[in-house]
Amino acid sequence: MEKNRIKLKICGATYSIITEDDENYVLKLGETIDEEMGEISAANPTLSLMQCAVLVALDQADACQKATASADNLRAQIKDYLEDSARARMEVDVARREIERLNREISNLREKLSHK
């Protein structure tokens, strides 16, 4: 895949990033980090840029962990639903076979009754 060189401006500093990701995607990430650092810095003017960056990193790591846990939970639920669905399909197949068997039995009994 082609590498892209992208320049990001975060808190007044320019960062040159080389990535295979889409430029718009990386620019959006940079904007998000810049906004979050700006918000933290405005709310806490005594913090250094490094402290703001650490707080943003902690917030992003927390969001990532929660998203991963949520995705894992959804995967487990989907797995359970698929297992339930497979079980239900098997039960339907068993019920259909039983219906067919009972219909054959009814037909046989009607035939026997008609011959008497």
First locate atom [atom1] of [X], then atom [atom2] of [Y], and finally report the distance between them rounded to the nearest 0.5 Å.
X: L47; Y: M37; atom1: CG; atom2: CE; answer: 10.0 Å
X: K9; Y: T14; atom1: NZ; atom2: OG1; answer: 4.5 Å
X: R87; Y: D84; atom1: CZ; atom2: CG; answer: 4.5 Å
X: C11; Y: E35; atom1: SG; atom2: CD; answer: 11.0 Å
X: D34; Y: L29; atom1: CG; atom2: CG; answer: 12.5 Å
X: S41; Y: E39; atom1: OG; atom2: CD; answer: 11.0 Å

Give a yes or no answer on whether the side chain of [X] reaches the backbone of [Y] with a donor-acceptor pair at less than 3.5 Å.
X: T68; Y: C64; answer: yes
X: S107; Y: N103; answer: yes
X: T32; Y: K28; answer: yes
X: Q65; Y: D62; answer: no
X: N44; Y: I40; answer: yes

Are any non-hydrogen side-chain atoms of Q51 and T46 less than 4.5 angstrom apart?
no
Begin with the C-alpha distance, continue with both residues' side-chain angles, and end with the deciding distance and a verdict on side-chain contact (heavy atoms from CB on, under 4.5 Å) for I33 and Q60.
CA-CA 9 Å; I33 299 302; Q60 291 296 318; 4.2 Å; yes
Listed by chain and number, what are the salt bridge (Lys or Arg N to Asp or Glu O under 4.0 Å) partners of R101, not counting sequence neighbours?
E98, E105
Any chance you could lay out the side-chain contact (heavy atoms from CB on, under 4.5 Å) test for R110 and L113, step after step, and finish with the verdict?
CA-CA 5 Å; R110 282 185 179 151; L113 279 174; 5.6 Å; no
Shared hydrophobic cluster, L82 / L74 (ILVMFWY, side-chain heavy atoms < 4.5 Å)
no
Lys/Arg-Asp/Glu bridge criterion (N-O < 4.0 Å) met for D93, R89:
no
Does a salt bridge link E100 with R96, judged by any charged N lying under 4.0 Å from a carboxylate O?
no
Residues sharing V92's hydrophobic cluster, by side-chain heavy-atom contacts under 4.5 Å among ILVMFWY, directly or via others?
none
According to side chain to side chain contact (heavy atoms under 4.5 Å, CB included), who are the partners of I6, at least two apart in sequence or on a separate chain?
N4, L8, T19, E23, V26, L27
